[in-house]
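One structure is given here, and the rest of the page talks about it.
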Amino acid sequence: MTFQALKAEEQQYVMNTYSRFPIALDHGEGATLWDVEGKAYIDLASGIGVNSLGYNNPVIVDALHGQAQKLTHVSNLFTTAPMVQAAKTLVTATGMGKVFFANSGAEANEGAIKLARKYSFDKYGEGRSKIVTLLNSFHGRTVTTLKATGQARFHNFFFPFTDGFDYAEANNIESVKERADESTCAVMMELIQGEGGVLPLDASFVKAAEAFCRERDLLLIIDEVQTGIGRTGALFCFQNYGIAPDVVTMAKGLGGGVPIGAVLAGTSCCDVLTPGTHATTFGGTPLMCASANAVLSVVNDPKFLTSVREKGAYLRERILGLGSPDIKGVRGMGLMLAILVDADRRAGFVNALIEKGVLPLTAGADAIRLLPPLTISYAEMDAAIEIMKEVFA
């Protein structure tokens with residue numbers, strides 16, 4: 001079908017909840033995508049950080065094909081090898097305790113919220129359930145995770161929201177201490193605020209928050225939905241900061257293109273959620289876990305993680321090397337980067353990049369966000385830079 005034909009049927013049959021770009025994508029290879037009319041695009045978005053190993057990667061294709069011939073789904077009333085292996089890899093790589101598998105980042109964050117509240121209830125009884133998050137954070141689209149998100153623009157329409165959240169200033173430990181009163185059970189943060197503008201937290205603040213949580217017996221929850229699975233040049237971003245979280249959430253890149261999320265809990269709280277206290281029909285299904293195992297077999301390799309850091313440095317240097325006065329800077333870590341531009345000109349730059357064959361994202365008010373597949377080649381990055389040279393000339 002042509003784009004126009006597809007768009008007409010989309011408008012007739014699909015809820016209009018997204019402002020989609022005027023492109024209908026058809027297939028991909030590596031970090032390059034083609035639309036239904038044959039135009040090629042260098043993908044610097046990877047499905048918002050999901051397609052961690054790019055497109056048509058044989059490691060993922062073979063894993064999905066092989067598992068689909070055996071079992072696609074059984075309920076969590078039974079044990080399956082792919083689920084156990086994925087959990088074992090995550091625990092072994094981090095030194096944490098146990099894993100709960102979910103289907104998305106929001107669902108993983110919901111699980112972490114429930115775990116933190118039950119941990120506190122088990123030890124201290126009722127009345128200690130508040131979770132402090134950070135202003136400018138983003139934790140999901142469910143009614144609860146919208147309220148956990150520290151951006152007022154998301155707290156609309158869907159009243160009543162779930163109570164029990166308060167918001168501290170990022171990089172201000174005194175603000176965290178002020179918000180964390182006697183009713184608090186946890187502090188939850190992204191180490192790089194992705195949707196907020198690709199804003200890395202200060203290392204000193206993160207360490208101070210960790211120490212404060214230990215002092216007060218608050219669980220430290222790190223939301224790695226966007227930063228996890230190699231995106232920042234470590235398997236998890238918290239490893240770059242040298243901290244030991246109590247709970248880590250993940251999704252996006254873990255499945256390499258299929259929906260999966262997870263809650264990884266430390267040894268101090270990994271047995272809090274007991275039979276009947278939390279569940280999900282599709283979490284840990286063997287098809288999704290087979291894909292996660294394929295991703296982890298590649299990403300959980302020091303040489304691969306080094307390559308992510310090297311590619312991120314290369315991309316940053318090439319962008320800054322364009323010397324355009326329209327580029328105000330580049331921030332981020334690994335292959336999670338943002339090109340900073342004037343807010344009132346960002347839409348024009350993004351549209352021009354897409355028109356010329358590069359797919360970026362946006363974040364915050366002034367950031368053009370780049371989350372390319374971790375397997376992107378130097379040739380693909382160079383091709384994207386040549387297009388950026390035209391756009392920012």
Side-chain angles (χ1 to χ4, degrees), residues 3 18-61 194 198 226 229-233 252-253 256-257 295 298-299 304 307-324 326-327 329-341 345-363 367-393:
F3 168 75
Y18 296 97
S19 298
R20 291 187 170 95
F21 292 109
I23 300 169
L25 295 171
D26 181 72
H27 66 282
E29 187 74 33
T32 303
L33 290 165
W34 285 264
D35 66 19
V36 293
E37 296 172 349
K39 182 176 178 178
Y41 301 85
I42 304 299
D43 181 24
L44 301 185
S46 65
I48 316 183
V50 168
N51 299 298
S52 50
L53 301 188
Y55 302 94
N56 197 29
N57 190 304
V59 174
I60 293 178
V61 172
V198 189
Q226 192 165 144
I229 316 301
R231 174 58 56 187
T232 66
K252 291 192 181 293
V295 170
V298 175
V299 174
F304 183 86
S307 77
V308 171
R309 295 192 295 272
E310 291 172 346
K311 289 176 182 177
Y314 179 81
L315 193 55
R316 181 195 296 260
E317 290 168 8
R318 288 296 314 274
I319 293 168
L320 291 173
L322 295 176
S324 170
D326 291 313
I327 296 175
V330 178
R331 66 178 173 231
M333 192 180 296
L335 283 171
M336 183 176 181
L337 298 173
I339 304 172
L340 308 183
V341 297
R345 299 193 65 193
R346 182 178 67 178
F349 289 135
V350 168
N351 290 333
L353 287 167
I354 292 172
E355 176 63 28
K356 292 179 180 294
V358 168
L359 301 182
L361 296 161
T362 59
I368 299 175
R369 181 172 35 154
L370 309 179
L371 299 173
L374 305 181
T375 52
I376 189 171
S377 69
Y378 282 88
E380 288 168 319
M381 287 191 287
D382 287 341
I385 291 294
E386 288 304 309
I387 292 172
M388 289 182 193
K389 186 183 298 184
E390 295 179 39
V391 170
F392 292 110

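Each residue takes its place number in the sequence, starting with 1. Below, each value reflects all heavy atoms present in this structure, side chains not excepted, and no hydrogens, waters or symmetry copies.
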Spacing of L337 atom CG and R316 atom CZ [to the nearest 0.5 Å] = 5.5 Å

Residue pair D326 / V341: nearest heavy atoms and the distance that separates them | O-CG1, 3.5 Å

Under 3.5 Å, is there a donor-acceptor pair between the side chain of N51 and the main chain of G54?
-> no

To the nearest 0.5 Å, tell me how far L315 CG sits from I385 CD1.
-> 5.0 Å

Can you measure from CD1 (I339) to CG (L353) and round to the nearest 0.5 angstrom?
-> 7.0 Å

Exactly one candidate in T32, D43, L44 meets side-chain contact (heavy atoms from CB on, under 4.5 Å) with L359; the answer is D43

Closest heavy-atom pair, G253 versus V295, reported as atoms and distance to 0.1 Å, is O-CG1, 3.5 Å

Spell out, as yes or no, whether a donor-acceptor pair under 3.5 Å connects the side chain of E37 to the backbone of F3.
-> yes

Sidechain-backbone polar pair: R346 side chain, A363 backbone, donor-acceptor under 3.5 Å | yes

Does A31 offer a backbone N or O that forms a donor-acceptor pair with the side chain of E380 under 3.5 Å?
-> yes

Using a cut-off of 6.0 Å, state whether more than 12 heavy atoms not belonging to F21 lie near its atom CZ.
-> no

Point-to-point distance, once rounded to the nearest 0.5 Å, from CZ of R309 to OG1 of T232 | 9.0 Å

Any donor-acceptor pair under 3.5 Å from K39 side chain to G357 backbone | no

Pairwise side-chain contact, E310 with Y378, heavy-atom cut-off 4.5 Å (strictly under) | yes

Show the numbers, then the answer: is there a side chain to side chain contact (heavy atoms under 4.5 Å, CB included) between I387 and Y41?
-> CA-CA 11 Å; I387 292 172; Y41 301 85; over 6 Å; no

Would you say the side-chain atoms of K311 pair up with the backbone N or O of I376, donor to acceptor, closer than 3.5 Å?
-> yes

Is there a side chain to side chain contact (heavy atoms under 4.5 Å, CB included) between L371 and V50 once you walk through the steps?
-> CA-CA 9 Å; L371 299 173; V50 168; over 6 Å; no

Neighbour count above 12 (heavy atom, 6.0 Å) for E355 CD = no

First locate atom CG of D382, then atom CD1 of I42, and finally report the distance between them rounded to the nearest 0.5 Å.
-> 10.0 Å

For P373 and G30, which heavy atoms make the closest approach, and how far apart are they?
-> CG-O, 4.5 Å

Parallel, tilted or perpendicular: rings of W34 and H27 (30°, 60°) = parallel

Smallest heavy-atom separation, I368 atom then P360 atom, equals CG2-CB, 3.7 Å

How long is the span from the CD1 atom in I319 to the CE atom in M388, to the nearest 0.5 Å?
-> 4.5 Å

Should R318 and M381 count as side-chain neighbours, where that means a heavy-atom distance under 4.5 Å?
-> no

Minimum-distance pair of heavy atoms, taken over all atoms of I354 and I23 = CG2-CD1, 3.3 Å

Any donor and acceptor pair, going by atom type alone, linking the side chain of S52 with main-chain N or O of L374 inside 3.5 Å?
-> no

For residues V198 and M336, report the shortest heavy-atom separation together with the two atoms involved.
-> CG1-O, 3.8 Å

